[in-house]
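In what follows, every heavy atom counts, from backbone to side chain, and hydrogens, waters and symmetry copies are set aside. Proteins get letters first, then strands, A, B, ... in listed order; numbering begins at 1 in each. Keep in mind it's a predicted model, so treat the numbers as computed, not measured.
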Protein chains: 2
Amino acid sequence: MDPQADYPPFAVTVDLVVLTVRADQLSVLLVRRAIPPHRGAWALPGGFVHADEKLADAAARELAEETGLTGPVGHLEQLATYGDPGRDPRGRVVTVAHLALLPDLPTPVAGTDADSAEWQPVDRVRTDRLAFDHARILADGVERARAKLEYTPLATAFCPPEFTVAQLRTVYETVWGTRLDPRNFHRKVTGTPGFVTAVGRATEGDRGRPAQLFRRGLATLLYPPMLRPTTPHGRDLR
Amino acid sequence: MDPQADYPPFAVTVDLVVLTVRADQLSVLLVRRAIPPHRGAWALPGGFVHADEKLADAAARELAEETGLTGPVGHLEQLATYGDPGRDPRGRVVTVAHLALLPDLPTPVAGTDADSAEWQPVDRVRTDRLAFDHARILADGVERARAKLEYTPLATAFCPPEFTVAQLRTVYETVWGTRLDPRNFHRKVTGTPGFVTAVGRATEGDRGRPAQLFRRGLATLLYPPMLRPTTPHGRDLR
DNA sequence: GAAATAGTGTCTCTCAGACAGTATTTC
DNA sequence: GAAATACTGTCTGAGAGACACTATTTC
């Protein structure tokens, strides 16, 4: 493809909004950039798409490089694409942002372009200091995650393979920043077809009555959806 | 940006899924390609992003070129990005697809790269003959539109500035391919805060009692959402 | 036993769906 | 008047929210 007036050359990257729930905080994986531009600043993990690589594969590769994850753990989806001229001082760079939801993992590994990588609670991120337009991307990713918990079973992506209803409730409470009635939540989750399936075993050794263990179910959409309290979803007018 | 192993050059395009409701059919704007590749095949309108142009501006420019629209009519949003290697024989081309919803318009204008442009009912498009991966993009766009009618007031983007409840109902029925009870629909639309606001005038000259005219309201999300009948949203398991 | 957590049952209110009935126009 | 479309009212059933109550564990 010739770089001409109508066919200007672009670089294409993938950036990742990797979210997890740890210590009752919705947290995002950030790396400290070891190379310019924005050297020393915190940024979303990401990198250039290779010459013969699908976008989704590039995102999965970057995720594996940063977290060590290989298998089908958690959830990875395309978020949105950001390509304003000037968003990267190196030239015209379009980034296809992806959203990953993962269970709580060991401390992440620093990649090749990063000094260090760490989980930061999303409401404590200094968004005004993030590299590039990553503050915007992070905000969009968090909003997408919050919305998708309502009508998909993606909350289970934040959980280990087997989990209790209380663990799942903690995910909702943490991501949404709300409190949910444990009794109504239990009835809702177990009564929504395909959301979770009982393993048949229970936890042991905790305080209180042991809880049934569940795995994620087969549904890809929840009907009826989980409803977010106090902020009844779309009341953004007036 | 040097084209190297890690920084391979890409071309970036925008493609448009432009939908409208006309003659009780959900229809998409397609162009017949006048230049290779896929010369003579039907395709989504689109084109290369210019060197100093935002992605959204490129989409708006292409939309204006194809439809003649300039002002803030209808709705335009980013859909998703498609970038598999080999999706375009000219080289590595990533396309940022956008979704546009418009009221019924006069016959479209052919652009510079197209012999002709026309509205085709989406369920009569020969998807196996569309250029590139446009069948997939079209399917994703239609699905996005169907889903968004549920929880946003975007159905109004298919209507002229002033419309009746029956016109709005026809949009839902056409896009969803279902029948809705006119009485319950009326109660729901007028009772959902911010969905529509009454103009104060009524239609004249039709058969039957004149209908109140409405404009779109201020809400960006509908609460409670419109519910799609017979396919209760997420019952895709079992 | 007390404390803690898991899980069930019951009441009420809201709202979607069904559909009778009324209002206002054209023919 | 009949036919057509616009709109209102009423009933019923499903489900969300509130919360009393029972069950099973650790201490």
Expected output check: what is the dot-bracket annotation of DNA chain D, where ( ) and [ ] are pairs inside the strand (brackets for crossing ones), | is paired with another strand, and pairs are Watson-Crick or G-U under 3.5 Å?
|||||||||||||||||||||||||||
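Contact between the side-chain N/O atoms of B:K188 and the OP1/OP2 oxygens of C:dA16 is found at a separation under 4.0 Å. In terms of phosphate contacts, A:H186 brings a side-chain nitrogen or oxygen within less than 4.0 Å of OP1 or OP2 of C:dT8.
Atoms CD (A:Q212) and P (D:dA23) sit 16 Å apart, rounded to a whole Å. Protein atom CZ of A:F185 is 15 Å distant from nucleotide atom C1' of D:dG17, rounded to whole Å. Rounding to whole angstrom units, CG of residue A:L227 and P of D:dA14 are separated by 18 Å. Going from atom CG of A:L222 over to atom P of D:dA16 covers 11 Å, rounded to whole Å. One interatomic measurement links the two molecules: CE of B:M226 to C1' of C:dG17, which rounds to 13 Å at whole-angstrom precision. If you take CD of B:E150 and P of C:dC15, they are 18 Å apart, rounded to a whole angstrom. Following rounding to the nearest Å, A:Y223 (OH) and D:dA14 (P) show an atom-to-atom distance of 12 Å.
Every ring pair (Phe, Tyr, Trp, His ring centres under 6.0 Å) that B:Y172 has, sequence neighbours left out, goes to B:W176, B:F185. Residues satisfying the side chain to side chain contact (heavy atoms under 4.5 Å, CB included) criterion with B:D128, sequence neighbours excluded, are B:R126. Evaluation of the side chain to side chain contact (heavy atoms under 4.5 Å, CB included) rule for B:A135 yields B:T127, B:L130 as partners, not counting sequence neighbours. The ring pair (Phe, Tyr, Trp, His ring centres under 6.0 Å) search around B:F163 returns none, not counting sequence neighbours. In this structure A:S27 satisfies the side chain to side chain donor-acceptor pair (under 3.5 Å) test with no other residue, sequence neighbours excluded. Partners of B:H134 according to the ring pair (Phe, Tyr, Trp, His ring centres under 6.0 Å) rule, which considers only residues two or more places apart in sequence or in another chain, are B:F132.
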Using a cutoff of under 3.5 Å, can you pull out all pairs of nitrogen or oxygen atoms linking the protein to nucleotides 19-21 of chain D, with atom names and distances?
| residue | atom | partner | partner atom | Å |
| --- | --- | --- | --- | --- |
| D:dC19 | N4 | A:N184 | OD1 | 3.3 |
| D:dA20 | N7 | A:R183 | NH1 | 3.1 |
| D:dA20 | N6 | A:R183 | NH1 | 3.3 |

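Residue-level contact check: B:P182 touches neither bases nor backbone, having no heavy atom under 4.0 Å from any strand. Within 4.0 Å of A:A166, counting heavy atoms only, lie sugar-phosphate atoms of the nucleic acid but no base atom.
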Counting primed atoms plus P, OP1 and OP2 as sugar-phosphate and everything else as base, spell out the protein contacts along nucleotides 22-27 of chain C at 4.0 Å heavy-atom distance: B, S or - for each nucleotide, 5' to 3'.
-BBBS-
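For residues 162-171 of chain B, the pairs satisfying salt bridge (Lys or Arg N to Asp or Glu O under 4.0 Å) are B:E162-B:R201, B:E162-B:R215, B:R169-B:E173, with sequence neighbours left out. For residues 180-189 of chain A, every residue pair satisfying the side-chain hydrogen bond (donor to acceptor under 3.5 Å, both in side chains) rule, not counting sequence neighbours, is listed here: A:D181-A:R183, A:N184-A:R187.
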With a cut-off of 3.5 Å and sequence neighbours excluded, list every side-chain donor-acceptor pair involving residues 72-82 of chain B.
| residue | atom | partner | partner atom | Å |
| --- | --- | --- | --- | --- |
| B:H75 | NE2 | B:E77 | OE1 | 2.8 |
| B:E77 | OE1 | B:K148 | NZ | 2.8 |
| B:E77 | OE2 | B:R144 | NH1 | 2.7 |
| B:Q78 | OE1 | A:T81 | N | 2.8 |
| B:Q78 | NE2 | A:T81 | O | 2.9 |
| B:T81 | OG1 | A:T81 | OG1 | 2.5 |
| B:Y82 | OH | B:D140 | OD2 | 2.6 |

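Side-chain contact annotation: B:D104 with B:T20, donor-acceptor N/O pair under 3.5 Å absent.
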